[in-house]
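Read the structure below first, then the notes.
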Amino acid sequence: MQGSWVEESDPTLDLVVDGADLRWRGVERDYLNKTFTTHDDGTVGVTVEFPDQEADYDSLEMIVLEDGSMYAYNVHAVALYVRPV
């Protein structure tokens, strides 16, 4: 998950994971907690909880797929991220 990502249909929506830092659209995002999971199919996931979220379901879920792309989603939106070319 480390490194730079861009949303597949809108490359202006960039996401950078740099160690413990998380930047979205160039702005560093503070978060309360992140939890790593490994799913039965081998995919790796991370749940990120933010201080400004209104409910538990507002946390961000990120899952890296076997093809190297990453889904980032919550109950409000979903986006497919790929490595920039």
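Fair warning: this is a prediction, and the values are worked out from it, not measured in the lab.
Follow the hydrophobic side-chain contacts under 4.5 Å out from W24 and you reach M1 in the same cluster. Transitive grouping of hydrophobic side chains (ILVMFWY, heavy atoms separated by less than 4.5 Å) brings L80 and Y73 into a common cluster. One hydrophobic cluster, built from ILVMFWY side chains closer than 4.5 Å, holds both L65 and V78. Y71 and V75 fall into different hydrophobic clusters, where Ile, Leu, Val, Met, Phe, Trp and Tyr side chains are chained together by heavy-atom contacts under 4.5 Å. Hydrophobic cluster membership is shared by V17 and F36, with clusters built from Ile, Leu, Val, Met, Phe, Trp and Tyr side chains linked at under 4.5 angstrom.
For the pair R29/V48, no side-chain contact is recorded, criterion being any heavy-atom separation below 4.5 Å from C-beta on. Using a 4.5 Å heavy-atom threshold, the side chains of R83 and W5 count as touching. Counting heavy atoms from C-beta on, the side chains of I63 and H39 come closer than 4.5 Å. Considering only heavy atoms from C-beta on, L15 comes within 4.5 Å of L22 through its side chain. Residues Y81 and D14 fail the side-chain proximity criterion, which asks for heavy atoms closer than 4.5 Å.
In this structure R25 satisfies the salt bridge (charged side-chain N to carboxylate O under 4.0 Å, His left out) test with no other residue, sequence neighbours excluded.
Contact record, S59 with N74: O-CB, 3.1 Å, taken as the closest heavy-atom pair. V16 approaches S4 most closely through the heavy-atom pair CG2-OG, 4.0 Å. The two atoms that bring F50 and D30 nearest to each other are CD2-O, 3.2 Å, heavy atoms only.
Enclosure of atom CD in Q2 by more than 12 non-hydrogen atoms of other residues, nucleotides or ligands within 6.0 angstrom is indicated.
In this structure, a donor-acceptor pair under 3.5 Å is absent between the side chains of E49 and T47.
Between Y31 atom OH and D21 atom CG the span is 7.0 Å, to the nearest 0.5 Å. Atom CD of E28 sits about 9.0 Å away from atom CG of D18, to the nearest 0.5 Å. Distance check, rounded to the nearest 0.5 Å: CE of M62 to OG1 of T43 gives 13.5 Å.
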